[in-house]
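Notes to accompany the following structure.
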Amino acid sequence: MGEVVSMAWEKWQQVYADLKFANRMGGGAIRRMLNRKLSMAFEKWQFTAGELARQQFMLGGAVKRMMARQVSMAWEKWQQVYADLNVDGMGEVAAGVVCEQDGRWRDPAYAEQVMLTTCNGSFSY
């Protein structure tokens with residue numbers, strides 16, 4: 001009888017090990033399938049987030065370039081207007097050109113008004 005019990009025990013252990021292995025392998029396959037979907041979703045999210053960040057970066061650069069262009073255009077226009085007033089070598093407006101604008105170039109509010117007027121109102125802060 002001891003031999004039959006021993007053989008039954010051995011058989012049970014073998015069946016249990018085989019079932020455990022099959023469950024482990026089956027569970028692994030299911031986990032891999034579930035993780036595949038999760039991985040695909042994560043990769044899609046990564047791609048979308050990266051694309052949005054790239055677009056935001058490019059848009060920010062475009063806005064900065066447009067703002068810098070506007071400021072540069074205003075500066076160039078101001079320089080041209082100032083040069084057209086026949087500025088002498090000392091950085092003062094020539095006396096014959098001043099007429100009714102006498103001394104107003106030193107007033108920041110007037111300088112801003114001239115800049116806005118000469119830029120056709122396209123200059124903004």
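Every value quoted in this text rests on a predicted model; they were computed, and no experiment measured them.
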Review point. So, do Leu52 and Gln55 sit near enough that their side-chain heavy atoms are less than 4.5 Å apart?
Key: yes

Review point. Where do Lys20 and Arg24 land on the side-chain contact (heavy atoms from CB on, under 4.5 Å) test, with the steps shown first?
Key: CA-CA 6 Å; Lys20 185 175 177 182; Arg24 184 167 176 242; 5.6 Å; no

Exercise for review: Not counting sequence neighbours, which residues clear ring-ring contact (aromatic ring centres under 6.0 Å, His included) with Tyr16? List them please.
Suggested key: Trp12

Review point. Hey, is CD on Gln79 packed in by over 12 heavy atoms from elsewhere, all under 6.0 Å?
Key: yes

Revision key, fill the gap. Sorted by chain and residue number, the salt bridge (Lys or Arg N to Asp or Glu O under 4.0 Å) partners of Glu3 (sequence neighbours excluded) come out as none

Check your understanding: Of the non-hydrogen atoms in Met58 and Arg65, which two are nearest, and what is the gap between them?
Key -> O-NH2, 4.4 Å

Side-chain polar contacts of residues 36-45 - donor-acceptor pairs under 3.5 angstrom, sequence neighbours left out - could you list them?
residue, atom, partner, partner atom, Å
Ser39, OG, Glu43, OE2, 3.4

Exercise for review: Find the distance between CE (Met73) and CD (Gln70) and round it off to the nearest 0.5 Å.
Suggested key: 7.5 Å

